[in-house]
Amino acid sequence: TAVAVPRFRQAAFSVVVRVVQMSLSWAMRPLIGMVPGASVELPMSARAALLSAPNTLRPLPSSRYSWPSFRGFHATRFSSSSAPDSNGDSGRQGIRTDESRLLGTKDVGQGPASRAFYGASDRLGSKGTDAFAIAARLIAAAELAVSSLRVCAMWLLNGVRLALFAMLLLPPFLRIGLSYFRDPRVLRGIRFGPGPRSFCDIYCPSAALAAREGKQKPVPVVIAVMGGAWVIGHRAWNAQLGQRLMAAGVLVVAIDYRNFPFGKVPDMVDDLDQGMSWAFANVAAYGGDPANVVLTGQSAGAHLSSLLLLQRSLAECAGEAAGPPDDLEAARPSTGGGGGVANPRRPAVFSEEPSTSAWSLRDIRGYVGVSGPYDLPALGAHLETRGLGGALLRQMCPDGDVERFSPTLLLKSPEWEPRAAQRLPRMLLFHGAADKTVPAASSEEFAHALRGAGAPEAVADVRPLLAHAEVIIEGPMRGEDHQVQLLLPFLLGEAGCRVRLEAMPPLQPLYPKWIISVASRLMPF
């Protein structure tokens, strides 16, 4: 018994340690850009010290060392250019540079403890041997683990809150879903392209059916792009908006697009571009008026659809609306003194594939963006303050370049053609002042950048007490018509909008308002 008890304790401790290892591995995978097969070359003295440490986390003897606690996470192997010099400074700098590139955020070892060890190592130089650098690296790993666990805990907490939100509002969600699947006026899953998510839903009001038979003139059209944090979006999220606009006599085309990780931002914009082309080419066959179209997007959909508008304005300004991006680059005026183009880089929102779209900005009456994140670096910084991290934003942008895929920053970049803004339609950027996910400053700054770039009309409408998704989820459930009131003036004019709203039956609440209010408090976004 005296022998069995310590062995049992040792076995139990090993199991706990292994669970912690697996948990850290799971936590690190989605949060850090992994580099498979990479590792860090440590000095022999460091490996000897680590291998002699009496703990269950020591790595197996090897000429290459990888963090034992983080399965799947290895820093980049040092190149010859980052090998330690006579003072050991280049090697220590290589540690911080390579690991910082991996994380894509702050430098590794920027906590107070690891900063102190790095500083001591830099001051001592060769006299400090590798002890301080090793200690700083281990402490930096601990800081990284704590930070990553905090991010995971915050996402887990928000997931629980979102589940409770959905459970509280399950009855109205079921009613909306039943209407979506059983209403014969909703044409679901119409393919507009060859991609895996190249589908759209069409909400056809009775007036559009009559227009198809030639009994009345075509009806106005709204092209809607849903949100979903670029990850969980689906065209069905437009169901409440589509049902309400059908009551207003408006045809709705809800366009789908690839979500991350199955596509990155240029892929998503390409899907929307194809969907827009299909809509303008085919909407008349469903009773819609292709000369009276408004584009709207919410959250991630507002980000992507605004990028699409900027892309189209650049293409039209260059006179290559249907040509490939490389042709567009060649068409730009040269800077002189060498015959180079004004900007040798490919425009941020263009993909590698040639554009085949045939729609034009002059076909759009207006644009309504709702709760849009138009500045991704600012959004990433905001998410960091909320403990949510910004790794997703970097991963969904090619090369992690979030600046190139931010509409606000694109307007201020050398890639922007000043004359292009004049081609943009009227822009209305709607935002709730109580938005915790995307601050209202995102819409205000984008509107300011649009006006500064020469856009004909760009207005930011910030409403008090409204949260991020309240306009599209809780608001309509309470009987509020925010989006319809925003869209109809573009389609019918101010006077026509008032007449249409007065003729429409009032929107009835789907659920007791006090339950919706409780659910709104639980909503994490």
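Any value given below was found using the heavy atoms of this structure, including those in side chains, with hydrogens, waters and symmetry copies removed.
Contact detail for Pro184 and Leu187: the closest heavy-atom pair is O-CD2, 4.0 Å. Between Gly454 and Ala421, the shortest heavy-atom contact is C-CB, 3.9 Å. Arg423 and Ser313 make their closest contact through CD-O, 3.9 Å (heavy atoms, listed as atom of the first residue, atom of the second, distance). When all heavy atoms are compared, the tightest approach of Val484 to Pro489 is O-CD, 4.4 Å. Closest non-hydrogen pair, Phe405 versus Leu307, comes out as O-CD1, 3.7 Å. Of all heavy-atom pairs between Leu491 and Val221, the closest is CD2-O, 3.6 Å.
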Tabulate below the donor-acceptor pairs under 3.5 Å that side-chain atoms of residues 369-378 make, not counting sequence neighbours, or state none.
{"residue": "Ser371", "atom": "OG", "partner": "His468", "partner atom": "O", "Å": "3.1"}
{"residue": "Asp375", "atom": "OD1", "partner": "Ala378", "partner atom": "N", "Å": "3.3"}

Determine all donor-acceptor pairs shorter than 3.5 Å in which one atom belongs to a side chain in residues 205-213; sequence neighbours excluded.
{"residue": "Arg212", "atom": "NE", "partner": "Ala285", "partner atom": "O", "Å": "3.2"}
{"residue": "Glu213", "atom": "OE1", "partner": "Lys215", "partner atom": "NZ", "Å": "3.0"}

For residues 224-243, which side-chain donor-acceptor pairs fall under 3.5 Å, sequence neighbours excluded?
{"residue": "Trp230", "atom": "NE1", "partner": "His303", "partner atom": "ND1", "Å": "3.2"}
{"residue": "His234", "atom": "ND1", "partner": "Ala236", "partner atom": "N", "Å": "3.0"}
{"residue": "Arg235", "atom": "NE", "partner": "Asp201", "partner atom": "OD1", "Å": "3.0"}
{"residue": "Arg235", "atom": "NE", "partner": "Asp201", "partner atom": "OD2", "Å": "3.4"}
{"residue": "Arg235", "atom": "NH1", "partner": "Asp256", "partner atom": "OD2", "Å": "2.9"}
{"residue": "Trp237", "atom": "NE1", "partner": "Ile232", "partner atom": "O", "Å": "3.0"}
{"residue": "Asn238", "atom": "ND2", "partner": "Arg235", "partner atom": "O", "Å": "3.4"}
{"residue": "Gln240", "atom": "NE2", "partner": "Ile472", "partner atom": "O", "Å": "3.0"}
{"residue": "Gln240", "atom": "NE2", "partner": "Ile473", "partner atom": "O", "Å": "3.4"}
{"residue": "Gln243", "atom": "NE2", "partner": "Ser179", "partner atom": "OG", "Å": "2.8"}

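Rounded to the nearest 0.5 angstrom, Ser198 OG and Arg258 CZ are separated by 6.5 Å. Put simply, CG on Leu304 and CD1 on Ile255 are 11.5 Å apart, with the number rounded to the nearest 0.5 Å. Atoms CG and CD1, on Asn282 and Ile190 in that order, are 9.0 Å from each other to the nearest 0.5 Å. The distance from the NZ atom of Lys264 to the CD atom of Gln395 is 8.0 Å, given to the nearest 0.5 Å. Interatomic distance, CG of Asp481 versus CE of Met504, reported as 5.5 Å (0.5 Å rounding). Rounded to the nearest 0.5 Å, atoms CD (Glu470) and CE (Met477) are 11.5 Å apart.
Side-chain contact between Gln508 and Pro506 is present, with heavy atoms from C-beta onward closer than 4.5 Å. Using a 4.5 Å heavy-atom cutoff, the side chains of Tyr511 and Leu169 are in contact. Contact annotation: the side chain of Gln483 approaches that of Val471 to within less than 4.5 Å [non-hydrogen atoms, C-beta and beyond]. At least one side-chain heavy atom of Leu428 sits under 4.5 Å from a side-chain heavy atom of Leu486. Annotation: side chain of Leu174 is not in contact with side chain of Pro171 (no heavy-atom distance under 4.5 Å). Using a 4.5 Å heavy-atom threshold, the side chains of Leu488 and Val250 count as touching. Contact annotation: the side chain of Pro220 never approaches that of Arg365 to less than 4.5 Å [non-hydrogen atoms, C-beta and beyond]. Using a 4.5 Å heavy-atom cutoff, the side chains of Tyr203 and Tyr180 are in contact.
Other residues, nucleotides and ligands contribute more than 12 heavy atoms inside 6.0 Å of the CG atom of Leu178. Dense packing is recorded around CZ of Arg191, with more than 12 heavy atoms of other residues, nucleotides or ligands lying under 6.0 Å away. A 6.0 Å sphere centred on NZ of Lys513 holds no more than 12 heavy atoms belonging to other residues, nucleotides or ligands.
Paired with Leu522 under the rule side-chain contact (heavy atoms from CB on, under 4.5 Å), one option of Leu168, Val160, Leu162 passes, and it is Leu168.
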Derivation and outcome, side chain to side chain donor-acceptor pair (under 3.5 Å), residues Ser360 and Glu316:
CA-CA 8 Å; Ser360 173; Glu316 291 186 5; 2.9 Å; yes
I would like to know whether Glu415 and Arg404 meet salt bridge (charged side-chain N to carboxylate O under 4.0 Å, His left out); could you show each step before the answer?
CA-CA 9 Å; Glu415 298 183 23; Arg404 295 185 67 204; 3.6 Å; yes
Take Ile364 and Leu309, measure what side chain to side chain contact (heavy atoms under 4.5 Å, CB included) needs, and give me the verdict at the end.
CA-CA 10 Å; Ile364 299 178; Leu309 292 182; 3.9 Å; yes
Worked verdict on Ser305 versus Tyr367 for side chain to side chain donor-acceptor pair (under 3.5 Å)
CA-CA 9 Å; Ser305 56; Tyr367 171 77; 2.9 Å; yes
Could you please spell out the steps behind the side chain to side chain contact (heavy atoms under 4.5 Å, CB included) verdict for Trp416 and Leu314?
CA-CA 7 Å; Trp416 183 252; Leu314 282 173; 3.8 Å; yes
Would Val252 and Ile202 count as a side chain to side chain contact (heavy atoms under 4.5 Å, CB included) here? Give the steps.
CA-CA 6 Å; Val252 178; Ile202 300 181; over 6 Å; no
Side chain to side chain contact (heavy atoms under 4.5 Å, CB included), that's the test. Do Ile223 and Val294 meet it? Break it down for me.
CA-CA 6 Å; Ile223 299 176; Val294 169; over 6 Å; no
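A salt bridge links Asp273 with Arg312; the closest basic N to acidic carboxylate O contact falls under 4.0 Å. Salt bridge annotation for Asp289-Lys217: absent, with no cationic side-chain nitrogen under 4.0 angstrom from a carboxylate oxygen.
With hydrogens and angles disregarded, no donor-acceptor distance shorter than 3.5 Å links the side chain of Ser443 to the backbone of Ala440. Using a distance-only test at 3.5 Å, with no hydrogens or angles considered, a donor-acceptor pair links the side chain of Asp183 to the main chain of Arg185. A donor-acceptor contact shorter than 3.5 Å links the side chain of Asp435 to the backbone of Val438. Of the possible polar contacts, none joining the Arg426 side chain to the Glu457 backbone as a donor-acceptor pair under 3.5 Å is found. With Asp461 contributing its side chain and Phe430 its backbone, the two residues share no donor-acceptor pair below 3.5 Å. Proximity of a side-chain donor or acceptor of Arg188 to a complementary backbone N or O of Phe181 within less than 3.5 Å is detected.
In the model, Glu445 has no side-chain atom that pairs as donor or acceptor with a side-chain atom of Thr408 under 3.5 Å.
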